Each structure stands twice: as C-alpha cells, then as structure tokens.
Amino acid sequence: MEKVICGVDVSSTWLDARLGLGSVHKRFQLTSCGIEALASYCRDHSVDLVVMEATGGYEKQAHKGLHEAGLGVAIANARSVRRFAEGLGFLEKTDKIDAGIIAEYARVKRLSPQAPASPEQEELTALVTQLRQLIDARTALKNQMRLIESEAVQQSQGRLLDAFNREIKQIDVLVQAHMKQQTLWIRLVEGLGAIAGVAERTMAYLLAYLPELGTLNAKAIAKLVGLAPIAKDSGKSQGRRMVRGGRVQIRSILVFITSVVARYEPKFREFRQKLLDAGKPKMVVRTAVARKLLVIMNAKARDIIAELNLAA
C-alpha cells in the first residue's frame with residue numbers, strides 16, 4: 001500500500017499541512033499546542049511520514065515535537081522541492097501549494113524518516129557556528145584596519161579586535177570541552193586528527209556540520225559535501241564536470257587544508273603531484289585532494305563506529 005505522507009510548509013509562525021495536492025489544507029500554529037494538534041491530525045489520518053523543508057531552523061521545534069509524538073519525520077532540501085514544483089508547472093508559490101508539493105516530492109523521492117539532532121549535537125553546532133561567525137567577523141575587521149588612516153578609528157578597531165580575540169578564545173575552549181563529552185567524538189578526534197593538517201578546529205567543523213561522517217559510502221558522502229563532480233553530458237557532447245551544492249562549510253575547510261595535508265602526508269602529496277603533472281588546473285587539484293581526504297576520513301570514521309558498536 002502507498003504511504004500516507006503529510007507535507008508541512010514551515011514559517012516563523014505557522015505550520016501548513018496537506019496530504020497531497022488533492023487534499024484539504026490545514027494550518028497550525030508553530031507552538032507546542034499547534035505541534036500537538038498537527039500530530040493528532042496526522043494520527044487521525046494514519047500518516048506514515050511527515051515531511052518538511054529545512055527552513056533555517058524554524059523546522060527544528062516541529063521536527064522534535066512530532067518525533068517525540070511517535071511520528072516519522074523527514075527533512076527535504078528546499079531548493080530541490082522548488083525545482084520539483086517548477087517541473088510540475090507550479091511557478092506560483094503559496095503556503096498551501098508548497099505543503100502539497102512537499103508531500104508529492106517526498107512520495108516520488110521515497111524519503112525516509114530522520115531523527116532530530118541530539119541536544120549534544122545541537123549545542124556543538126551552535127558553538128561551532130558562533131566560533132565561525134566570530135572568526136569571519138575578525139577577518140573582516142583586520143581587512144578594514146589595513147585601509148583606515150584615522151588614529152581614533154584605528155584605536156577603536158584595535159579594541160574591537162582584542163574583544164574578538166578574547167571571545168574566540170573562550171568559545172574555542174567551550175568547543176574543545178564539548179567535543180570530549182561523547183566517546184565517539186573523542187575517538188574520531190584521535191583517529192582523524194592523526195592525519196597531518198587535520199587540526200582540532202577542523203574536527204570541530206566536521207563533527208558539527210557533518211554528523212553523517214562514517215555512516216555513508218564514499219560516493220554519497222562526497223556528494224553530500226559537494227565534492228563529487230556533476231556530469232553534464234548530452235549525446236556526443238561532454239560538458240565540464242564541476243562540483244556545487246552540498247555542505248559549503250565543510251567543503252571550504254577541506255579545500256583550504258589540502259596544501260598542508262599534501263605537504264606532510266606522502267599519499268596525498270603523490271596524488272597531488274600526479275594531477276599537476278597531468279596538467280590539471282590548481283583548483284581542480286585542490287578539489288580532488290579534498291575529495292580524497294574526505295573519502296579516507298569517512299572510511300576511518302566508519303571503522304571507528306563499527307569498533308565502538310562491537311564493544312557496546
């Protein structure tokens with residue numbers, strides 16, 4: 001029998017639900033009471049799966065509440081859902097239409113339920129995000145300081161820079177302490193940190209933004225991060241294969257550290273040199289090395305997870 005799927009369009013205040021494009025539209029408040037009412041509605045209609053888009057965090061409360069109510073919940077990629085809607089001819093966009101489209105998209109893609117992030121994972125992600133934003137702000141400030149001639153402004157920016165440095169140091173300490181709260185994280189930091197160039201801050205990014213590490217195969221993890229070349233062939237024409245999408249935070253940091261990894265790790269150095277000798281552009285080489293690094297770390301993480309599961 002076909003699954004009953006409830007598509008939910010999430011906004012800052014409302015949850016718009018439909019069981020498909022041909023069903024009625026129901027609206028619930030994005031509050032604890034509203035989520036309970038949505039859960040009751042889903043149970044009354046024997047819903048097998050609730051699907052909502054990732055909407056920058058607004059979906060987290062509903063995801064957690066529906067999961068605790070015993071319902072399977074999946075999170076869909078918002079851009080993929082929009083393109084699916086356009087493919088069906090829906091150029092207009094309303095909450096009612098979006099809810100129905102989400103249900104149809106989940107049915108075609110056969111999405112599976114996903115458990116919400118644990119409180120520990122949420123805290124780590126929040127800390128790492130704050131750390132990244134502080135570092136970005138400090139970098140922007142340093143760039144501005146090189147162009148300022150006013151002594152008064154320079155002094156003001158100097159005080160700001162000192163404040164950024166203190167705050168970054170404090171958050172960094174909290175991140176490193178939080179990473180020691182789970183045995184799996186400790187083992188991953190030890191195992192993957194043994195690769196030259198993979199520092200503790202890199203591991204913090206990986207644990208925060210790529211919790212799937214070690215649970216997917218090589219092709220899937222590369223595609224998830226956005227390091228898998230996308231084919232663009234048609235007939236006799238073979239287009240240039242490029243990487244795009246995925247987890248930008250992880251992809252950027254992996255590409256950034258490739259020069260360090262290739263300098264100290266022989267197998268990466270040889271791989272990099274082989275590509276350079278073949279005349280590959282430098283950015284293509286860095287991307288390829290980053291992908292190789294990700295695949296190797298994913299395999300190491302898979303072994304660590306398997307080992308811990310056997311010991312449990």
Side-chain angles (χ1 to χ4, degrees), residues 5-21 23-42 47-69 71-88 90-119 121-130 132-133 136 205 208-212 223-226 244-252:
I5 299 176
C6 179
V8 178
D9 185 66
V10 183
S11 67
S12 60
T13 53
W14 299 105
L15 298 167
D16 293 273
R18 289 180 77 184
L19 303 182
L21 288 169
S23 72
V24 297
H25 166 235
K26 292 287 186 179
R27 169 168 276 192
F28 305 89
Q29 285 189 319
L30 182 53
T31 61
S32 297
C33 292
I35 294 170
E36 289 178 8
L38 173 58
S40 297
Y41 172 79
C42 290
V47 168
D48 298 294
L49 181 68
V50 181
V51 183
M52 57 189 73
E53 295 174 322
T55 55
Y58 288 123
E59 79 284 354
K60 290 181 180 180
Q61 182 184 0
H63 187 181
K64 182 180 179 181
L66 293 172
H67 177 78
E68 290 176 349
L71 294 164
V73 184
I75 304 298
N77 181 279
R79 183 172 62 179
S80 298
V81 174
R82 181 88 296 262
R83 288 186 173 179
F84 177 78
E86 291 171 355
L88 293 179
F90 287 90
L91 302 182
E92 61 271 45
K93 190 179 189 304
T94 67
D95 296 337
K96 177 181 177 180
I97 291 174
D98 286 352
I101 290 292
I102 291 170
E104 297 299 332
Y105 173 83
R107 183 172 291 108
V108 172
K109 290 289 289 184
R110 298 184 179 181
L111 297 184
S112 300
Q114 306 157 248
S118 66
Q121 181 70 46
E122 289 278 5
E123 179 68 11
L124 179 63
T125 303
L127 287 170
V128 171
T129 299
Q130 175 69 357
R132 177 176 57 84
Q133 291 173 344
D136 289 345
Y205 276 75
Y209 296 132
L210 194 61
E212 299 90 349
K223 189 172 183 180
L224 180 64
V225 174
R244 62 184 176 84
R247 308 278 172 89
V248 178
Q249 305 97 328
I250 297 299
R251 185 174 68 248
S252 60

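Here the structure is a predicted model, which is why all the values come from computation and not from measurement. In what follows, residues are counted from 1 in the order of the sequence shown.
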Nearest heavy-atom neighbours spanning S32 and Q61:
N-NE2, 3.8 Å
Can you name the nearest heavy-atom pair linking A39 to A69, along with the distance?
CB-CB, 3.9 Å
Going by side chain to side chain contact (heavy atoms under 4.5 Å, CB included), V8 matches just one of D16, V51, D95, L15. Which one?
L15
Could you tell me if the side chain of E53 sits less than 4.5 Å from the side chain of D9, heavy atoms only?
yes
V73 side chain reached by M52 side chain, heavy atoms, under 4.5 Å
yes
Closest non-hydrogen atom pair, Q249 against Y209
CB-CD1, 3.8 Å
Give the C-alpha distance, both sets of side-chain angles, the deciding distance and a yes or no for side-chain contact (heavy atoms from CB on, under 4.5 Å) between T129 and Q133.
CA-CA 6 Å; T129 299; Q133 291 173 344; 3.7 Å; yes
Shortest non-hydrogen contact from L71 toward C42:
CD1-CB, 3.9 Å
Rounding to 0.5 Å, atoms CD (E36) and OG1 (T31) come to a distance of 8.5 Å
F84 and Y105 aromatic ring geometry - parallel, tilted or perpendicular at 30°/60° bounds
perpendicular
Could you walk me through whether D98 and K93 pass the salt bridge (Lys or Arg N to Asp or Glu O under 4.0 Å) check?
CA-CA 7 Å; D98 286 352; K93 190 179 189 304; 2.7 Å; yes
Distance from I97 atom CD1 to H25 atom NE2, nearest 0.5 Å?
10.5 Å
Closer than 3.5 angstrom, by distance alone: can the side chain of Q114 be matched with the main-chain N or O of I75 as a donor-acceptor pair?
yes
For V47 and V50, work out which heavy atoms get closest and say how close.
CG1-CG2, 4.1 Å
Check this for me: does any side-chain nitrogen of one of E212 and R247 sit under 4.0 Å from a carboxylate oxygen of the other?
yes
Flag yes if more than 12 heavy atoms outside Y41 fall under 6.0 Å of its OH atom; otherwise flag no.
yes
For a 4.5 angstrom cut-off between non-hydrogen side-chain atoms, does R107 reach E104?
yes
Atom pair CG/SG of L38 and C6 - distance to nearest 0.5 Å:
5.5 Å
Could you check whether R83 pairs with E86 (Lys NZ or Arg NE/NH1/NH2 to Asp/Glu carboxylate O, under 4.0 Å)?
no
I'd like to know if the side chain of R18 and the backbone of G7 have a donor-acceptor N/O pair within less than 3.5 Å.
no
Pair I101, L21 - check side-chain contact (heavy atoms from CB on, under 4.5 Å), show working.
CA-CA 6 Å; I101 290 292; L21 288 169; 4.0 Å; yes
Using side-chain heavy atoms (C-beta onward) and a distance below 4.5 Å, is Q121 in contact with T125?
yes
Measuring from F28:CZ to I35:CD1, what's the distance to the nearest 0.5 Å?
11.5 Å
What's the spacing between I102 CD1 and S80 OG if we round to 0.5 Å?
12.0 Å
Can you find a pair of side-chain heavy atoms, one from S11 and one from L30, that are under 4.5 Å apart?
no
